[in-house]
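Reading through the structure tokens given below for one structure.
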Number of protein chains: 2
Amino acid sequence: MARNKRDIDRQLKRDTIEDVACGLFMAQGYEATSMAGVAAAAGVAPNTLYWYFANKDELLIAVLDRMVGRVFEALAGMQHKPLSARLLWLLKAFDQASGLVTTVHARVEQSDAVRDWHERFHRALDALLVEQLTAQGMDAQQAATMATVGTYVMEGLMSHPHSARERETVVRWLTSLGLPA
Amino acid sequence: MARNKRDIDRQLKRDTIEDVACGLFMAQGYEATSMAGVAAAAGVAPNTLYWYFANKDELLIAVLDRMVGRVFEALAGMQHKPLSARLLWLLKAFDQASGLVTTVHARVEQSDAVRDWHERFHRALDALLVEQLTAQGMDAQQAATMATVGTYVMEGLMSHPHSARERETVVRWLTSLGLPA
DNA sequence: ACCTGAACACCGTTCAAGT
DNA sequence: ACCTGAACACCGTTCAAGT
């Protein structure tokens, strides 16, 4: 944690860089955004970024962490809503950031750091889903399969263009699977 | 089609370049493979590639077309086998090429040509799946949803590491959905 | 500790010149 | 028509030098 003014200043600057990078990554895509572009938008020299982030992938991970944190926080405040509504909200929240899902998968092959982040993310998400499904009375084996399927269907819906109508149909179908037939 | 010796020679050389590129893309990934690397492996100067392919994305598309063609051909000869066996075969066939699924999604954002290819591919695959599902007596609306879901689950299984056991469980679950409960 | 200008190695692509 | 060596603009990253 930040102990003194220097640490706080450093964290503030890191935050602004992450803010700027997040905006550019979402608007132009990760690959199309250069470190020089991020630096210019943040008002610093290109190499200054390397004082705060080891490399471009670490900057990506910082942006991802902040996004995932906010999304999970928002979802936690929606527990009373039905699962289908929460999933549709999630798809809408990622409308602007859909490219980042693909970016992560693309960088997994090149960067160990992104691979680790991706693995941790999927493990955490899987545990969360399995927990929710078993809490609803689903047996562990079935919950494991449903968590995998649900994750991949959501990833597919995020990375490919769909009308609101199509999304709703697929999400309703997905969430109706656990219910008695 | 090739009309004379010159056209045939050109096609042969194109094929060798595609062969070499295909091997390198699968072994190292698309992004990690440089045009200079492809050229060196093919025994030509880097810029010679641009006589045969407009740019790196067009070379990718040529490689994709050849792979998809072969896979669809092989699948056509397996119509007698159950759907689950064909899907598991597909997953195995893409074990070495799983990165290309992600690559296509990553390039969709940067390249119009790849975006067009991706759209055409999904339309063709979707039509094929809907046709097979309706032929089995499923109604059109349900078939459309199942085709989307099936595609995304398969994409997810291809792009993420799984044990053979996990694959089988998910694929069996997927193919059992159309059957009476 | 923090920031910079200048440089490095690499990349996809182009151009002028050859045959 | 086909191929090349040399160059161009760009990229992520590093380094030596400043404060």
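Note that the structure is a prediction, hence the values are computed from the model and not measured. Here is the naming used below: chain letters follow the sequence lines, and residue numbers restart at 1 for every chain.
Applying the salt bridge (Lys or Arg N to Asp or Glu O under 4.0 Å) test to every pair with at least one member in residues 136-147 of chain B, sequence neighbours left out, gives no pairs at all.
Spacing between atom CD of Glu58(A) and atom C1' of dG12(D) amounts to 14 Å, rounded to whole angstrom units. As a whole-Å value, the separation of Tyr30(B) OH from dG12(C) P is 8 Å. The distance between atom NZ of Lys13(B) and atom C1' of dC3(D), rounded to the nearest whole Å, is 8 Å. For the pair Leu59(A) CG and dT13(D) C1', the interatomic distance rounds to 14 Å; values are reported in whole Å. Spacing between atom NZ of Lys56(A) and atom P of dT14(D) amounts to 14 Å, rounded to whole angstrom units. Rounded to an integer number of Å, the gap from Gln110(B) CD to dC11(D) P is 12 Å. Taking atom CD1 on Ile17(A) and atom C1' on dC3(C), their separation rounds to 11 Å, with Å as the unit. Summarising the geometry, the separation between CG on Asp7(B) and C1' on dC2(D) is reported as 14 Å, rounded to the nearest angstrom.
In terms of the salt bridge (charged side-chain N to carboxylate O under 4.0 Å, His left out) criterion, Arg70(B) has no residue partners (sequence neighbours excluded). Not counting sequence neighbours, the partners of Asp19(B) by the salt bridge (charged side-chain N to carboxylate O under 4.0 Å, His left out) test are Arg66(B).
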What pairs of nitrogen or oxygen atoms, one from the protein and one from nucleotides 6-10 of chain D, lie under 3.5 Å apart?
none

Begin from the C-alpha positions of Arg115(B) and Gln110(B) and carry the test side chain to side chain donor-acceptor pair (under 3.5 Å) through to its verdict.
-> CA-CA 8 Å; Arg115(B) 171 153 49 239; Gln110(B) 318 294 332; over 6 Å; no
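Under the 3.5 Å distance criterion, the side-chain polar atoms of Thr134(B) are matched with a main-chain donor or acceptor of Glu131(B).
Figure legend: cation-pi geometry between Lys56(B) and Tyr30(B), with NZ or CZ positioned under 6.0 Å from the six-membered ring centre and within 45° of its axis.
Between Tyr152(A) and His162(B), a ring centre-to-centre spacing shorter than 6.0 Å is recorded.
Atom OG1 of Thr16(B) sits about 8.0 Å away from atom OH of Tyr52(B), to the nearest 0.5 Å. To the nearest 0.5 Å, the span separating CD1 on Ile61(B) from OG on Ser111(B) amounts to 5.5 Å.
Salt bridge absent: Asp112(B) and Arg107(B) never bring a charged side-chain N and a carboxylate O closer than 4.0 Å.
Closest to the side chain of Arg10(A), out of dC2(C), dT4(C), dT13(C), is dC2(C).
A heavy-atom distance below 4.0 Å to DNA chain C is reached by these residues of residues 48-55 of chain B, ordered by number: Tyr50(B), Asn55(B).
Other residues, nucleotides and ligands place no more than 12 heavy atoms under 6.0 Å from the CD atom of Glu73(A).
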Watson-Crick and G-U pairing of DNA chain C, under 3.5 Å, as dot-bracket with | and [ ] = ||.|||||...|||||.||
